There are 2 protein chains.
Amino acid sequence: MGGIREQKKQQTRRAIEEAAICLFSRKGFESTSMQDIAAAAGIGKTTIYGYFRAKDDIFLHYCDERLVTAFNRFREQQAEGVPFFEQLITFFMLKFGFVTENHEFGRLMLREMLFPKVASDKAREHDQRYFDILQGVFSLAEERGEIAPNLDHFMLSGHFFSLYVGLLAGWYTGYLNSLEEVEKGMRGLFHQVCHGIVA
Amino acid sequence: MGGIREQKKQQTRRAIEEAAICLFSRKGFESTSMQDIAAAAGIGKTTIYGYFRAKDDIFLHYCDERLVTAFNRFREQQAEGVPFFEQLITFFMLKFGFVTENHEFGRLMLREMLFPKVASDKAREHDQRYFDILQGVFSLAEERGEIAPNLDHFMLSGHFFSLYVGLLAGWYTGYLNSLEEVEKGMRGLFHQVCHGIVA
DNA sequence: GTGTAAACTCGAACCGGTTCGATATTTTTC
DNA sequence: GAAAAATATCGAACCGGTTCGAGTTTACAC
């Protein structure tokens with residue numbers, strides 16, 4: 001069992017993914033053909049379909065991996081002593097920077113994650129990881145008395161997540177043009193959540 | 001000037017659009033080929049490109065028209081006496097219902113409007129119309145003393161808009177499954193904005 | 001080893017969106 | 001009203017993602 005076949009398969013898969021991501025970043029997703037990828041990976045273009053269902057899948061699989069590492073990076077640098085407001089800013093700015101690092105990748109990823117053709121389990125997993133982190137932040141904040149007790153933490157997560165998505169839309173539609181502007185906007189919005197707007 | 005040619009052109013354009021939208025709703029966007037549309041409109045498929053830049057454009061042009069009428073409908077039924085919270089709920093639930101009326105249309109439209117390949121002027125116009133309406137709601141609320149004075153109305157618009165987008169994402173990823181749930185969620189989130197979460 | 005089944009590979013073909021280029025029609029000009 | 005310019009139409013071809021099917025390689029049973 002295992003053996004030669006499995007090894008080669010792993011190797012080929014890796015070759016395809018690396019070739020694809022390299023070409024996508026260099027020439028853009030749409031300008032890279034399956035032919036190009038196959039050539040760069042040293043195989044026939046039909047062979048790719050033995051490893052990935054479609055062109056999109058190569059990209060989405062890569063996003064998946066990156067998302068997981070990004071989450072882990074956040075968890076590592078999570079500092080307990082920091083006020084919850086700053087924890088949230090750090091968390092979402094990290095996410096934001098990560099998603100928009102490559103303009104086109106981010107666009108494609110967001111389209112697929114927020115408005116998918118069909119809801120996927122993979123996406124649910126990511127959401128779960130995300131909620132777990134925020135849940136932790138909110139619980140701590142509650143203990144410390146930074147936020148009101150008995151708030152619905154699920155809704156709270158949704159609230160901050162929505163603002164994060166709104167900022168991303170602002171970025172991609174051209175209303176926000178630098179990370180400084182984004183952070184400024186984020187602080188303003190988060191402040192509104194914290195203190196309310198009622199007279 | 002004008003004359004036969006112009007008339008026919010208008011007629012053909014209409015025929016294409018009607019055929020396309022009819023087929024899109026019946027069979028779905030991707031399952032409808034340019035061939036299908038051309039046949040239904042009684043022309044050759046290449047001719048379509050004399051009227052629309054691409055398949056997407058037929059759809060997006062239609063969305064454009066619908067968006068405008070939806071805005072007008074809201075402006076008509078805007079009631080002055082209603083508290084600003086209820087005005088916002090009405091506004092966004094109207095938008096929400098309109099966008100999600102056809103599941104696939106909404107998905108495609110949102111992908112394109114929030115994360116466009118290139119920022120377009122058309123989109124800016126819509127945003128402007130949207131901000132104008134909200135601006136009016138906030139100004140009135142301010143006069144009435146319903147919200148604090150000196151709030152940044154632009155940021156406020158962005159805030160509510162983000163929550164609306166977040167709810168849409170929740171709809172398309174399967175966390176919200178009925179308009180009742182959406183409205184309940186919307187009320188909860190808007191309430192958070194109004195009253196804050198700080199202890 | 002040998003036979004058999006499963007898995008891998010890839011050239012050929014398919015399919016649908018888009019472009020090209022030649023033809024047909026209308027408008028303009030004189 | 002005929003020639004020239006502008007524009008509309010559409011069949012043929014292109015291009016790129018995807019599927020088919022036939023040939024090859026590997027794994028396993030005996």
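Basis for what follows: all heavy atoms, side chains included, without hydrogens, waters or symmetry-related copies. Source: prediction; values computed, not measured.
Residue-level contact check: A:F52 touches neither bases nor backbone, having no heavy atom under 4.0 Å from any strand.
Salt-bridge formation is not detected for the pair A:K45/A:D36: no Lys NZ or Arg NE/NH1/NH2 atom is positioned less than 4.0 Å from an Asp or Glu carboxylate oxygen. Remark: A:E104 does not engage A:K27 in a salt bridge, criterion side-chain N to carboxylate O under 4.0 Å.
Heavy-atom minimum distance, B:D152 versus A:Q192: O-NE2, 4.4 Å.
Taking atom CD on A:Q11 and atom C1' on C:dT9, their separation rounds to 16 Å, with Å as the unit. As rounded to whole Å, 16 Å separates atom C1' of C:dC10 from atom CD1 of A:I37.
Looking at residues two or more places apart in sequence or on another chain, you find no side chain to side chain donor-acceptor pair (under 3.5 Å) involving B:K117.
Between B:K9 and the phosphate of D:dA8, there is a side-chain N or O to OP1/OP2 separation shorter than 4.0 Å. Residue A:T47 places no side-chain N or O under 4.0 Å from the OP1 or OP2 atom of C:dC8.
Screening residues 164-173 of chain B for side chain to side chain donor-acceptor pair (under 3.5 Å) gives no qualifying pairs among residues at least two apart or on separate chains.
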Seminar exercise, completed: Protein heavy-atom contacts under 4.0 Å, written 5' to 3' over nucleotides 13-25 of chain D as B (base), S (sugar-phosphate only) or - (none), form the string ----BBBB----B
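To the nearest 0.5 Å, atoms CZ (B:F98) and CZ (B:F74) are separated by 14.5 Å.
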